[in-house]
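What follows is a short report on a single structure.
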Amino acid sequence: MNFLKFKNKKLFFENIAISKVTTRVKTPFYLYSLSQLRFNFNNFKKSFIKINPLICFSVKSNSNLKLISELKKLGSGADVVSIGELKIALKAGISPKKIVFSGVGKTEEELDFAIKKEILLINAESEAEIRAINKIAKKNNKIVSVGIRINPNISAKTNKKISTGKKDNKFGISMNVCLEIFNNQYHYEYIKFEAISVHIGSQIMDINPFKKVLNALSNFNKKINLIGINLKYIDLGGGTGIPYSNSDKKFNLKEYSNLVLKFKKTNNVEIIFEPGRSICGNTGVLISKVIYPKDAPGKKFIVIDAAMNDLIRPALYGAKHQIYPLLKNNSIVKKNTEFVGPVCESSDTFISYNKYQKLNEGDYVCIDNIGAYGRSLASNYNTRPYSAEILINKNKYKIIKQRQKLESLIN
Ligand SMILES: *Cc1c(COP(=O)(O)O)cnc(C)c1O
């Protein structure tokens, strides 16, 4: 179900004509749909109902406090990768017992804070980190639940910049080293090894990499059972992709669910998921105004007031986000049309079309599917403030994060 729709040539998100919001809020701004967020979370949960997993929303995909509070109400936990994200999850009211902490470079300060809060799992990514956790746990006189992030050396068949599960990626520990750690678990008096975790990448549309991961983990789990390690959890990470254009198929959650159900039964563990994009990706759009149309040899640029600092995915990954006018008209311009931002970088470009409707100064456009890794990857490059975030709930909307004051950057 998709809550972004044209009705009579006007683009609506839920029951709000987006053009109405532009009369009150300065562009660019991020616009979210609460119904879409709820639908996505509940749909994910329903798809895995027989597995009854702990769903830990990946806070790095969207760290807006209000959105995370809404997910908390639906039963979500959190997957965090920094002390900042951990504090946001706690502030949103998520129980520490539903929080997992991932990341290759957790500092002493971060580990100390997480240990004091007694979160569900710290997913460690190196032997050195495990030694650090043991030391800090000892200082705090606490037994800490630790998961080991496995690097299964499996290609996610996604953009190489968001692939994380190959042996030359910085993430995780090889199965051999993990086995050694489990063999020597008695070196770590203050650690209870309760889980292994994997996360092989993001925007994965194909089931096969997940199949390979499940097989590899099942085999590994059999091995560690033999040395007396019986895990409580296996954390399967996130990574399920979403369609970014009409020609993209949906990822088949049901098919994945059937595989995971079998996996859960053979391995006799609780399952944790860490979805980000599939929960919040299509819950957000970026609304922008045309500053200037600009004719150039053989093409037309549409310079809009949103830029790579608001949405870096096209510049960083070559991602394509569809752009729609807020108001459709019938005057098609049959010319290569490229949407670009005002930032002084050639990579500050969004998408090109062979033809597009005529756009003039002051017209508004909507950049689709920016709920994940949109605002959370934003920057102040070119001394541009962070844009406001607005949440729609049926026929109402409100600002859930104010536009950053420009003055806060002039100091
Ligand atoms: C980024 C990340 C996720 C979320 O990935 P999505 O592709 O957004 O679902 C989950 N787990 C870990 C460890 C991550 O780094």
Side-chain angles (χ1 to χ4, degrees), residues 37 40-41 43-45 47-48 53-64 67-68 71 76-82 84-86 88-89 98-106 110 114 119-126 129 146-152 154 156-166 169-173 195-207 209-210 213 233-244 248 250-251 253 256 260 271-284 313 316-317 319 369-377:
L37 184 73
N40 294 347
F41 185 86
N43 181 55
F44 192 92
K45 191 166 151 180
S47 304
F48 294 99
L54 174 61
I55 303 171
C56 293
F57 174 68
S58 168
V59 175
K60 79 170 189 287
S61 66
N62 190 314
S63 42
N64 183 285
L67 298 188
I68 294 167
L71 288 171
S76 185
D79 164 47
V80 302
V81 294
S82 70
E85 288 188 1
L86 176 50
I88 286 176
K98 287 186 171 182
I99 299 179
V100 300
F101 194 171
S102 313
V104 290
K106 304 177 200 79
E110 290 179 313
I119 66 170
L120 180 68
L121 281 176
I122 297 178
N123 285 337
E125 305 212 16
S126 63
E129 182 185 349
V146 166
I148 294 186
R149 178 160 174 185
I150 301 281
N151 182 323
I154 288 170
K157 297 206 189 101
T158 182
N159 185 300
K160 78 176 193 308
K161 290 191 183 158
I162 49 176
S163 171
T164 58
K166 290 286 287 173
N169 295 133
K170 69 180 175 183
F171 300 98
I173 294 176
I196 51 177
S197 76
V198 281
H199 173 71
I200 57 166
S202 198
Q203 185 53 15
I204 302 168
M205 296 303 269
D206 177 6
I207 192 81
F210 290 112
V213 165
Y233 308 101
I234 293 185
D235 177 345
L236 294 174
T240 52
I242 61 165
Y244 280 92
D248 291 346
K250 280 198 181 132
F251 180 83
L253 282 178
Y256 186 31
V260 177
I271 300 294
I272 299 172
F273 285 117
E274 305 168 343
R277 189 191 311 268
S278 52
I279 304 296
C280 65
N282 71 349
T283 64
R313 296 189 70 258
L316 198 57
Y317 312 129
N369 290 316
I370 60 75
Y373 309 105
R375 172 62 180 83
S376 67
L377 266 169

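We count ligands from 1, going down the list as the structure has it; atoms in each ligand are counted the same way.
- At the shortest separation from atom 14 (C) of ligand 1 among protein heavy atoms lies Lys60 NZ, 2.8 Å.
- The nearest pair of heavy atoms linking Ser278 to Ile242 is CA-CG2, 3.7 Å.
- When all heavy atoms of Cys56 and Ile272 are compared, the pair lying nearest together is SG-CG2, 4.0 Å.
- Under the rule for a side-chain contact (heavy atoms from CB on, under 4.5 Å), Lys160 has no partner lying at least two apart in sequence or in another chain.
- Side-chain contact between Gln203 and Asn159: absent, with no pair of heavy atoms (C-beta onward) separated by less than 4.5 Å.
- One side chain, Asn40 or Asn282, offers a donor N or O that lies under 3.5 Å from an acceptor on the other.
- Those atoms of ligand 1 that come under 4.0 Å of a heavy atom in Arg149, given as number and element, are 13 (C).
- In this structure, Tyr373 has its ring center no closer than 6.0 Å to that of Tyr317.
- The atoms of ligand 1 that sit less than 4.0 Å from any heavy atom of Pro275 are 9 (O).
- Proximity of Ser278 to ligand 1 is not established, as no heavy-atom distance is less than 4.0 Å.
- A salt bridge does not link Lys60 to Glu85: none of the charged side-chain nitrogens sits closer than 4.0 Å to a carboxylate oxygen.
- Taken from CZ in Arg313 to CG in Asn369, the straight-line distance is 9.0 Å, to the nearest 0.5 Å.
- Remark: ligand 1 atoms within the under-4.0 Å shell around heavy atoms of Ser102 are 13 (C).
- Looking only at protein heavy atoms, the nearest one to atom 8 (O) of ligand 1 is Tyr373 OH, 2.6 Å.
- No heavy atom of Val81 sits closer than 4.0 Å to any atom of ligand 1.
- For a threshold of 3.5 Å applied to N or O pairs, the pair formed by Glu274 and ligand 1 contains at least one separation below that value.
- Protein heavy atom closest to atom 5 (O) of ligand 1, with residue, atom name and distance, is His199 CE1, 3.2 Å.
- Checking only distances, Ser58 never comes within under 3.5 Å of ligand 1, N or O to N or O.
- Ile196 CD1 to Leu236 CG: the interatomic distance, rounded to the nearest 0.5 Å, is 9.0 Å.
- Remark: ligand 1 and Ser61 share no N or O pair separated by less than 3.5 Å (distance only, no angle test).
- Remark: minimum distance from atom 7 (O) of ligand 1 to any protein heavy atom is reached at Ser202 OG, 2.3 Å.
- Taking distance alone, with nitrogen or oxygen atoms compared against 3.5 Å, Gly239 approaches ligand 1 more closely than that limit.
- Counting the atoms of ligand 1 from 1 in the order shown, those under 4.0 Å from a heavy atom of Arg277 are 6 (P), 8 (O), 9 (O).
- By the criterion of a heavy-atom distance under 4.0 Å, neither the backbone nor the side chain of Asn123 is placed next to ligand 1.
- Atom CG of Leu253 sits about 5.0 Å away from atom CZ of Phe48, to the nearest 0.5 Å.
- Atom numbering of ligand 1 starts at 1 in the shown order; those under 4.0 Å from a heavy atom of Gly238 are 9 (O), 10 (C).
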